[in-house]
Enquirer: 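What follows is a structure written as structure tokens; I'll ask about it next.
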Amino acid sequence: MIVETEAYAPNDPASHSYKGRTLSNETMFGPPGRLHVYRSYGIHWCANIVCGDDGVGAAVLLRALEPTRELEQMQARRRLENPRLLCSGPGRLAQALGLTGEHDGLRLDHSPFELSPGGPVDVVSGTRVGITRAAERQWRYALSGSSFVSRPRPRA
DNA sequence: GTATTGATCTTCT
DNA sequence: GAAGATCAATACA
């Protein structure tokens with residue numbers, strides 16, 4: 001279950017799409033409904049859902065999941081015992097799901113992916129994490145009270 | 001509890 | 001040559 005995301009828009013200095021298309025952010029420019037995976041700090045993979053139309057360059061970064069099934073698979077991939085840490089962060093999440101650059105550009109409405117709507121939830125917004133530009137935009141969204149978000153209690 | 005640091009790749013200056 | 005949408009172990013208070 002997705003418990004935390006961040007928005008990245010076109011004309012957003014913090015977005016990878018801000019300074020034009022490159023080889024690795026190409027899929028951010030659409031079409032929407034696909035997965036964008038990029039390498040972070042040389043050693044991690046981070047997963048986005050592309051949500052802008054063709055040529056726009058907008059996406060939602062998946063920051064944290066609450067693992068509800070396949071726990072053993074995730075642990076096997078991550079070699080980490082604490083289930084709290086399994087998916088609480090973009091790099092962890094991608095590793096737990098086995099996402100790599102190979103999955104960049106794949107459609108989320110086709111196997112092996114499956115997205116389902118959840119019930120109504122309480123969402124709080126806060127400042128985005130780990131960026132230096134446009135950091136004041138409150139574009140981070142998390143489930144209120146969830147203990148699986150990557151940082152405790154985003155400021156509402 | 002907060003602070004520091006190594007791992008290591010792509011793009012930008 | 002440096003910074004970046006990071007993680008986790010280690011060091012210190």
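Protein chains get the first letters and strands the later ones, always in sequence-line order, with residue 1 at the start of each.
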Enquirer: Picking from C/dG4, C/dT6, C/dA8, which would you name as closest to the side chain of A/V129?
Expert: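 The closest nucleotide is C/dT6.
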
Enquirer: At less than 4.0 Å, is any side-chain N or O atom of A/R78 found next to OP1 or OP2 of C/dA8? Yes or no.
Expert: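 Checking A/R78 against C/dA8: at least one side-chain N or O falls below 4.0 Å of OP1 or OP2.
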
Enquirer: Rounding to a whole Å, what distance do you find between A/R137:CZ and C/dA5:P?
Expert: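 These atoms are roughly 13 Å apart.
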
Enquirer: Do A/S17 and A/N25 have side-chain atoms, one donor and one acceptor, less than 3.5 Å apart?
Expert: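 No pair is found: no donor N or O on one side chain lies under 3.5 Å from an acceptor on the other.
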
Enquirer: Could you check which of C/dA5, B/dT11, B/dC9 has an atom nearest any side-chain atom of A/N48?
Expert: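 The closest nucleotide is C/dA5.
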
Enquirer: Roughly how far apart, to the nearest Å, are B/dT10 and C/dA8 at atom C1'?
Expert: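 Comparing C1' positions in B/dT10 and C/dA8 gives a spacing of 23 Å.
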
Enquirer: Any N or O donor-acceptor pair under 3.5 Å from the base of C/dA5 to the side chain of A/Y38?
Expert: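 Donor-acceptor pair under 3.5 Å: yes.
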
Enquirer: Do A/R21 and A/E26 meet the salt-bridge criterion of a basic N to acidic O distance under 4.0 Å?
Expert: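 A salt bridge links A/E26 with A/R21.
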
Enquirer: What is the distance, to the nearest angstrom, from the CZ atom on A/R128 to the P atom on C/dG4?
Expert: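 The answer, rounded to whole Å, is 14 Å.
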
Enquirer: Just to be sure I understand: a Watson-Crick pair is purine N1 to pyrimidine N3 plus N6-O4 or O6-N4, both under 3.5 Å. Using that and G-U wobbles, which stems of three or more pairs involve DNA chain C?
Expert: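 Result, WC/G-U stems under 3.5 Å: B:1-7 with C:6-12, B:9-12 with C:1-4.
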
Enquirer: So, A/R79 versus A/Q75: side-chain donor-acceptor pair below 3.5 Å or not?
Expert: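 Looking only at side-chain atoms, A/Q75 and A/R79 do not form any donor-acceptor pair under 3.5 Å.
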
Enquirer: Out of C/dA5, C/dT6, B/dT13, which nucleotide sits closest to the side chain of A/S40?
Expert: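 Between C/dA5, C/dT6, B/dT13, the one nearest the side chain of A/S40 would be C/dT6.
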
Enquirer: Do other residues, nucleotides or ligands put more than 12 heavy atoms under 6.0 Å from A/E102 CD?
Expert: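 No.
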
Enquirer: In whole angstroms, how far is the P atom of C/dA5 from the CH2 atom of A/W45?
Expert: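 Those two atoms, CH2 and P, are 16 Å apart.
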
Enquirer: So which heavy atom on A/F113 is nearest to which on A/L108, and how close?
Expert: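 Distance-wise, the nearest heavy atoms are CB-O, 3.6 Å.
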
Enquirer: To the nearest Å, give me how far apart NE2 (A/H44) and P (C/dG4) are.
Expert: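 Taking atom P of C/dG4 as the reference, NE2 of A/H44 is at 16 Å.
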
Enquirer: Of all the choices, C/dA5, B/dA7, B/dT10, which nucleotide is nearest to the side chain of A/S24 once you look at every atom?
Expert: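 Closest of the options to the side chain of A/S24: B/dT10.
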
Enquirer: Return no unless some side-chain N or O of A/R39 is found under 4.0 Å from OP1 or OP2 of C/dT6.
Expert: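 So the side chain of A/R39 is outside the cut-off, no N or O lying under 4.0 Å from OP1 or OP2 of C/dT6.
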
Enquirer: Where the side chain of A/P90 is concerned, which of C/dA8, B/dC12, C/dT6 is the nearest nucleotide?
Expert: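 The answer is C/dT6, which lies nearest to the side chain.
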
Enquirer: Between P on C/dC7 and CG on A/L85, what's the gap in Å once rounded to a whole number?
Expert: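 Interatomic distance, CG of A/L85 to P of C/dC7: 10 Å.
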
Enquirer: To the nearest angstrom, how far is A/L93 atom CG from C/dA5 atom C1'?
Expert: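 Nearest whole value for this atom pair: 13 Å.
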
Enquirer: Would one find more than 12 heavy atoms of other residues, nucleotides or ligands at under 6.0 Å from atom CG of A/D54?
Expert: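 More than 12 heavy atoms, drawn from other residues, nucleotides or ligands, come within 6.0 Å of this atom.
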
Enquirer: Can you tell which of B/dC12, C/dA5, B/dT11 lies closest to the side chain of A/M28?
Expert: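 Shortest atom-to-atom distance from the side chain points to C/dA5.
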
Enquirer: Calculate the interatomic distance between A/D12 atom CG and C/dA5 atom C1'; express it in whole Å.
Expert: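 About 10 Å, once rounded to whole Å.
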
Enquirer: Without decimals, in angstroms, what is the distance between A/R21 CZ and B/dT11 P?
Expert: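 So the CZ-P distance, A/R21 to B/dT11, works out to 14 Å.
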
Enquirer: If you check every side-chain atom of A/R92, which of B/dT10, C/dA8, C/dA5 has the closest atom?
Expert: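 Comparing B/dT10, C/dA8, C/dA5 against the side chain of A/R92, the answer is C/dA8.
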
Enquirer: Salt bridge check: are A/D109 and A/R34 linked by an N-O gap of less than 4.0 Å?
Expert: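 Between A/R34 and A/D109 there is no salt bridge, as every charged N stays at least 4.0 Å from the carboxylate O atoms.
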
Enquirer: Would you say the side chains of A/E4 and A/S150 form a donor-acceptor pair under 3.5 Å?
Expert: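 Indeed, the side chains of A/E4 and A/S150 share at least one donor-acceptor pair under 3.5 Å.
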
Enquirer: Classify A/G91 by what it touches in the nucleic acid, base, sugar-phosphate, or nothing, heavy-atom distance under 4.0 Å.
Expert: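 Sugar-phosphate: the residue A/G91, judged by heavy atoms under 4.0 Å, touches backbone atoms but no base.
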
Enquirer: Using the rule for Phe, Tyr, His and the six-membered ring of Trp, do A/Y8 and C/dA5 stack at under 5.5 Å and under 30°?
Expert: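 Yes, the aromatic ring of A/Y8 stacks with the base.
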
